[in-house]
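Working notes, structure below.
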Amino acid sequence: MQILDGKIVALAVKNEIKQQTILLKNENNKIPHLAAILAGTDGASETYVANKIRSCEEVGFKSTMIRFDIDVTEETLIAAIKKLNEDDDVDGILVQLPLPKQINESNIINLIHPSKDVDGFHPVSVGKLVQGLETFIPATPFGVMLLLKYYNIETEGKHAVVIGRSNIVGRPMSILLSQNTNPGNCTVTLCHSRTKNLEKICMEADIIVAALGTPGFLKAHMVRENAVVIDVGITRVTDKTKKSGFAIKGDVDFVNVAPKCSYITPVPGGVGLMTIAALLKNTFAAATRKIK
Ligand code: GUN
């Protein structure tokens with residue numbers, strides 16, 4: 001069993017971006033600039049956005065964080081997005097999800113200009129992804145693809161089972177794995193809460209991507225020998241022994257599943273770090289596409 005180490009791969013990606021950013025600045029006098037919008041004070045979202053901003057600094061990007069109270073109106077968010085769309089210095093716009101309940105998320109996401117949609121959530125980006133065209137790929141599934149590529153994991157002709165059909169992870173993941181690319185060319189089964197015989201389907205998988213957000217969901221009896229297991233779950237569960245009061249748990253029962261696997265991602269230290277690395281790649285691409 002080999003660990004797919006998100007720390008090593010994310011660092012490699014970040015170092016590459018750091019070098020490219022120096023060149024971009026020297027040759028084109030351009031510094032990639034990410035603007036992040038955070039509404040409310042959800043602890044996990046706060047952490048995610050803070051990590052994204054810190055990572056921008058690490059690779060030499062500019063970043064702007066715009067905060068709103070939990071009771072922000074849709075009009076206020078719309079005005080903020082419009083301003084960022086028009087700001088030529090801003091290359092990428094990220095609106096951290098979930099948004100407060102009074103906000104219609106689609107109304108906000110659909111307003112981000114597709115050329116700045118570094119999360120890849122805009123319908124134009126999704127449409128391009130489905131057609132295999134160059135676009136911004138949502139950061140988490142993009143990060144998983146970078147991880148598979150780094151470790152040279154054979155995916156062609158394999159049966160990949162994706163558990164979870166969210167717009168952020170499961171659905172784009174299923175599209176990417178089925179594409180005629182490397183990694184890719186999998187036969188994909190997309191499972192969700194209404195799937196019957198999930199355990200049997202998982203037992204037939206060469207690759208399992210668990211992206212449902214239920215800690216410890218994937219158990220050893222659902223995984224066949226030598227499977228590749230990718231754990232996308234990042235759930236905070238109460239843990240009084242931790243200073244923070246919580247522990248981060250993945251969707252996989254790691255202790256019992258890992259011995260059966262050929263490769264597996266840990267949580268933390270796996271896909272989460274790759275998500276940020278992929279977002280930086282998208283932001284760099286947004287900055288350079290403008291120059292071309
Ligand atoms: N919430 C959970 N994951 C994500 C993500 O990748 N991007 C944004 N914007 N919000 C999220």
Side-chain angles (χ1 to χ4, degrees), residues 6 10 13 34-56 61 63-68 70 72 77 80-81 84-85 90-101 103-114 116-126 129 135-147 162 164-176 209-215 230-236 248-251 265 267-268 270-283 285-286:
V13 172
L34 176 72
I37 291 182
L38 175 63
T41 53
D42 174 71
S45 290
E46 292 256 8
T47 306
Y48 294 149
V49 174
N51 287 342
K52 289 170 186 177
I53 297 285
R54 199 184 54 232
S55 298
C56 281
F61 288 3
S63 60
T64 302
M65 182 169 168
I66 306 171
R67 303 191 66 127
F68 294 99
I70 188 120
V72 64
L77 285 182
I81 303 274
L84 293 172
N85 278 341
V90 171
D91 303 297
I93 303 171
L94 176 153
V95 179
Q96 188 63 30
L97 303 178
L99 285 169
K101 59 182 183 325
I103 309 290
N104 179 321
E105 280 184 359
S106 297
N107 288 351
I108 302 302
I109 287 165
N110 295 1
L111 205 67
I112 297 171
H113 195 282
K116 299 189 179 190
D117 176 36
V118 287
D119 256 331
F121 296 163
H122 190 284
V124 167
S125 305
V126 179
L129 179 71
T135 185
F136 297 113
I137 302 168
T140 300
F142 187 15
V144 171
M145 297 302 272
L146 293 172
L147 205 52
V162 179
R165 57 180 158 185
S166 71
N167 289 337
I168 295 179
V169 186
R171 200 175 300 279
M173 189 79 254
S174 70
I175 293 162
L176 288 165
V209 181
L212 68 161
T214 304
I230 308 290
D231 190 349
V232 179
I234 309 181
T235 307
R236 290 181 168 197
I248 301 292
K249 293 279 178 222
D251 288 349
T265 63
V267 176
V271 173
L273 299 170
M274 293 308 301
T275 296
I276 296 190
L279 172 70
L280 296 174
K281 265 180 104 70
N282 280 345
T283 305

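Ligands are counted one by one from 1 in listed order, and the atoms in each one are counted from 1 as well.
- For ligand 1, the polar-atom distance check finds no N/O of Ile168 at less than 3.5 Å from any of the ligand's N/O atoms.
- Summarising the contacts of atom 8 (C) of ligand 1 with Ile109, Thr275, Asp119, the nearest heavy atom is found in Asp119.
- Scanning both residues, Ile112 and Val95, for their nearest heavy atoms gives CD1-CG2, 3.9 Å.
- When heavy-atom distances to ligand 1 are checked against a 4.0 Å cut-off, Phe121 comes that close only through its side chain, counted from C-beta outward.
- Ile137 has its side chain out of reach of Pro172: every pair of non-hydrogen atoms, C-beta onward, lies at least 4.5 Å apart.
- Considering backbone and side-chain atoms together, Leu94 places no N or O closer than 3.5 Å to any N or O of ligand 1.
- Regarding atom 1 (N) of ligand 1, its nearest protein heavy-atom neighbour is Leu97 O, 2.9 Å.
- Distances below 4.0 Å separate heavy atoms of Val95 from the following atoms of ligand 1: 8 (C), 9 (N).
- Residue Glu105 places no heavy atom under 4.0 Å from ligand 1.
- Inter-residue side-chain proximity for Thr275 and Ile234 is flagged as unmet; no heavy-atom pair is nearer than 4.5 Å.
- Contacts of Ser106 classified as side-chain hydrogen bond (donor to acceptor under 3.5 Å, both in side chains), with partners at least two apart in sequence or in another chain: none.
- Using modelled atom types, no side-chain atom of Thr235 and backbone atom of Thr214 make a donor-acceptor pair closer than 3.5 Å.
- The shortest contact between atom 11 (C) of ligand 1 and any protein heavy atom is with Gln96 NE2, 3.3 Å.
- Closest non-hydrogen pair, Phe136 versus Pro114, comes out as CE1-O, 3.3 Å.
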